[in-house]
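Just the heavy atoms: all of them, side chains too, but no hydrogens, waters or symmetry mates, feed the values below. Remember, predicted model here, so these are calculated numbers, not experimental data.
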Amino acid sequence: MTESIRPAPPSRFEPPSPVSAVLFAAFLAFFTWSLAGAGISISELIEGLPNMAQIGSEMVPPATDRFSPMLDSVLVTFQMALVGSVIGILLSLPLAVLASRNHTPHPLIRSAVRGFVSFVRTVPDLAWALFFVASVGLGPFAGTLTLIVDTIGFCARFFAEAMEEVDSGPPEAMAAIGAGPIDIIACATLPMAMPSLVNTSLFALEKAVRSSVVLGLVGAGGIGAELATSMEMFRYDQSATIVLMIFVLVMAVESLSSHARAKLIGGRG
Amino acid sequence: MAGSNANLNPAGPALRVDKLAKRFDGAAAPVWSDVSFDVPAGQSVAIIGGNGTGKSTLLRCCLRLIEPNAGQVHLHGETLTGKPAGHLRKMRSNVGFVFQKHNLVPRLSVLSNVLHGGMARSRGPRHWHHALASREDREYAMHCLEQVSLAHLAERRADHLSGGQSQRVAVARALMQKPRTIFADEPVASLDPQAGEEVMETFAKLALDHGLTLVFVSHHLDHALHYADRVLGLRDGRLDLDAPTASENLESLRSMYD
């Protein structure tokens with residue numbers, strides 16, 4: 001019996017096109033140049049190792065002499081994060097409706113809102129913090145305002161995308177009943193987008209907690225100010241306590257948020 | 001077939017479609033054109049035709065969920081085409097629309113979904129969720145669920161129902177509107193034969209009990225013959241069949257698919 005000729009399988013790897021090869025070479029060259037630009041220096045790293053060991057040894061044992069005021073600052077940090085993210089989330093909802101393709105009253109309004117949200121998101125939170133410290137003075141209020149703006153930049157975009165992604169069937173059913181635009185959003189779009197909205201909101205809270213720690217470094221209230229002071233005073237044992245407190249706070253918020261996520265997303269409507 | 005200048009009044013046909021045409025943007029040919037028919041109040045009409053003949057589009061155009069390009073639609077004696085959004089919403093409220101995919105809001109309870117039908121009469125938060133609804137509306141919603149034999153599932157989430165149960169909840173939502181007419185777009189297409197029969201029986205019984213006009217799209221020719229008084233057939237971009245079911249049989253209807 002003659003064996004039929006089998007078609008040859010395709011080659012395992014496609015050779016890169018000349019354009020891809022040139023682009024890859026250009027990327028490698030730029031990356032090598034960037035290593036110098038990023039100040040990577042093995043000698044400085046080796047010289048710095050004893051200092052790192054020195055600071056590390058001074059961090060142990062962590063100090064407890066300012067435990068109570070530090071705890072107060074941690075609480076303020078969390079309060080800033082909570083209030084900032086909740087207000088930011090609430091303000092993001094109407095912005096997301098205006099920025100979503102399926103609910104915006106006019107494409108121009110959608111473009112304007114998306115532009116505003118992109119601008120808010122592009123400016124780093126530390127820049128917003130400096131702006132608000134200069135505007136309303138040092139303290140947690142400046143930090144909270146920063147977190148509100150930061151949350152809007154994050155949530156409004158993802159909320160709008162979540163609203164655009166919902167199945168168009170139930171909103172069409174509402175329109176067929178004679179429901180108005182607000183009824184359609186409240187009855188169909190929001191309940192259907194809820195898992196995504198809850199997820200994004202909880203990520204926003206986690207993000208706000210981490211940001212609020214850094215905001216204190218520029219005088220916007222919270223535990224960051226304590227951390228900056230202790231580092232400037234060379235009280236690394238106090239810094240260690242603050243870092244541990246931040247670690248516990250972030251872990252607690254992340255753990256609570258995953259628990260809440262599971263509960264809220266699985267719940268009955 | 002009635003002309004476009006006929007004197008319309010609420011006692012006239014439930015639905016009058018006059019020289020309706022639809023062409024989608026970028027399409028070479030219209031889906032259909034020059035489609036005209038009347039549906040007297042209380043009549044049950046099946047729309048049949050092959051895939052892509054525009055049956056669902058026709059039903060949606062009759063409620064302006066899709067805008068027709070030409071022609072007029074009159075619902076319960078009022079002209080639907082050309083009306084502003086507010087008036088259009090008011091007119092739509094008289095028609096319960098049951099979709100192939102049922103289109104319930106998946107994360108809400110069965111009761112909340114049925115209560116949404118109440119938006120046909122008034123709007124606002126009291127129709128958004130069963131926790132906010134008035135006692136009268138909750139009771140009426142339960143009555144609607146009872147009519148489709150699903151009152152015992154009022155608290156269940158809509159995405160935890162079977163296909164047949166979901167479709168019956170969609171029928172209950174349509175009843176909550178207190179409609180004069182029901183449009184159903186392939187209501188049994190996603191159901192097994194038994195669930196499909198149950199849903200069609202529910203439609204037939206409700207239409208009879210409440211004196212409703214029923215217009216449904218179906219690929220099930222036996223359903224068209226059994227549950228409709230009249231069959232409309234779309235083929236080659238036009239209304240190719242308009243006949244009482246009594247004068248048709250399975251063979252004659254199958255010819256619409258040739």
Side-chain angles (χ1 to χ4, degrees), chain A residues 89-90 93-94 96-98 100-107 109 158-159 161-202 260-269, chain B residues 59-60 62-66 85-132 155-160 170 173-174 176-177 179 182-183 185:
Chain A
I89 287 163
L90 292 177
L93 279 171
V97 169
L98 296 175
S100 64
R101 196 176 298 108
N102 41 352
H103 292 299
T104 191
H106 195 279
I109 294 176
F158 287 111
F159 284 3
E161 285 175 6
M163 289 179 188
E164 286 174 357
E165 282 165 11
V166 298
D167 174 16
S168 60
E172 188 188 22
M174 296 292 128
I177 288 169
I182 293 175
D183 297 304
I184 293 174
I185 292 167
C187 288
T189 307
L190 285 182
M192 289 163 75
M194 196 52 75
S196 185
L197 301 187
V198 167
N199 236 342
T200 305
S201 301
L202 290 171
R261 192 174 284 126
K263 279 274 175 203
L264 290 171
I265 292 176
R268 175 172 77 92
Chain B
L59 210 55
R60 280 170 167 76
C62 287
L63 218 48
R64 279 181 61 199
L65 291 171
I66 294 176
H87 198 92
L88 176 64
R89 283 201 288 269
K90 191 168 166 285
M91 291 180 72
R92 281 176 178 168
S93 65
N94 287 317
V95 181
F97 202 120
V98 178
F99 296 82
Q100 177 183 344
K101 241 175 37 170
H102 56 73
N103 287 351
L104 300 179
V105 183
R107 296 181 50 76
L108 296 185
S109 67
V110 164
L111 186 57
S112 291
N113 269 287
V114 176
L115 279 159
H116 290 163
M119 279 187 284
R121 293 183 298 284
S122 65
R123 303 215 301 275
R126 288 178 82 80
H127 301 290
W128 292 354
H129 194 278
H130 70 82
L132 306 171
E155 288 186 79
R156 187 171 291 185
R157 261 175 61 154
D159 47 357
H160 293 173
R173 177 175 64 186
M176 185 74 195
Q177 287 181 237
I182 287 188
F183 287 176
D185 180 17

> What's the shortest heavy-atom distance between B/Val105 and A/Ala188, and which atoms?
Replying inline: CG2-CA, 4.0 Å
> Shortest non-hydrogen contact from A/Asp183 to B/Gly124?
Replying inline: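 Smallest interatomic distance, heavy atoms only, reads OD1-N, 3.2 Å.
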Where on [X] is there a heavy atom nearer than 4.5 Å to chain A: the side chain, the backbone, both, or neither?
{"X": "B/His102", "value": "neither"}
{"X": "B/Leu63", "value": "side chain"}
{"X": "B/Arg64", "value": "neither"}
{"X": "B/Val98", "value": "neither"}

Enumerate donor-acceptor pairs with a distance under 3.5 Å from any side-chain N or O in residues 171-182 of chain A to protein atoms, sequence neighbours excluded.
{"from": "A/Glu172", "atom 1": "OE1", "to": "B/Arg60", "atom 2": "NH2", "distance (Å)": "3.4"}
{"from": "A/Glu172", "atom 1": "OE2", "to": "B/Arg60", "atom 2": "NE", "distance (Å)": "2.8"}

>> Using the rule given for side chain to side chain contact (heavy atoms under 4.5 Å, CB included), can you reason through B/Met119 versus A/Cys187, listing the C-alpha separation, both sets of side-chain angles and the distance that settles it, and then say yes or no?
In response: CA-CA 10 Å; B/Met119 279 187 284; A/Cys187 288; 3.6 Å; yes
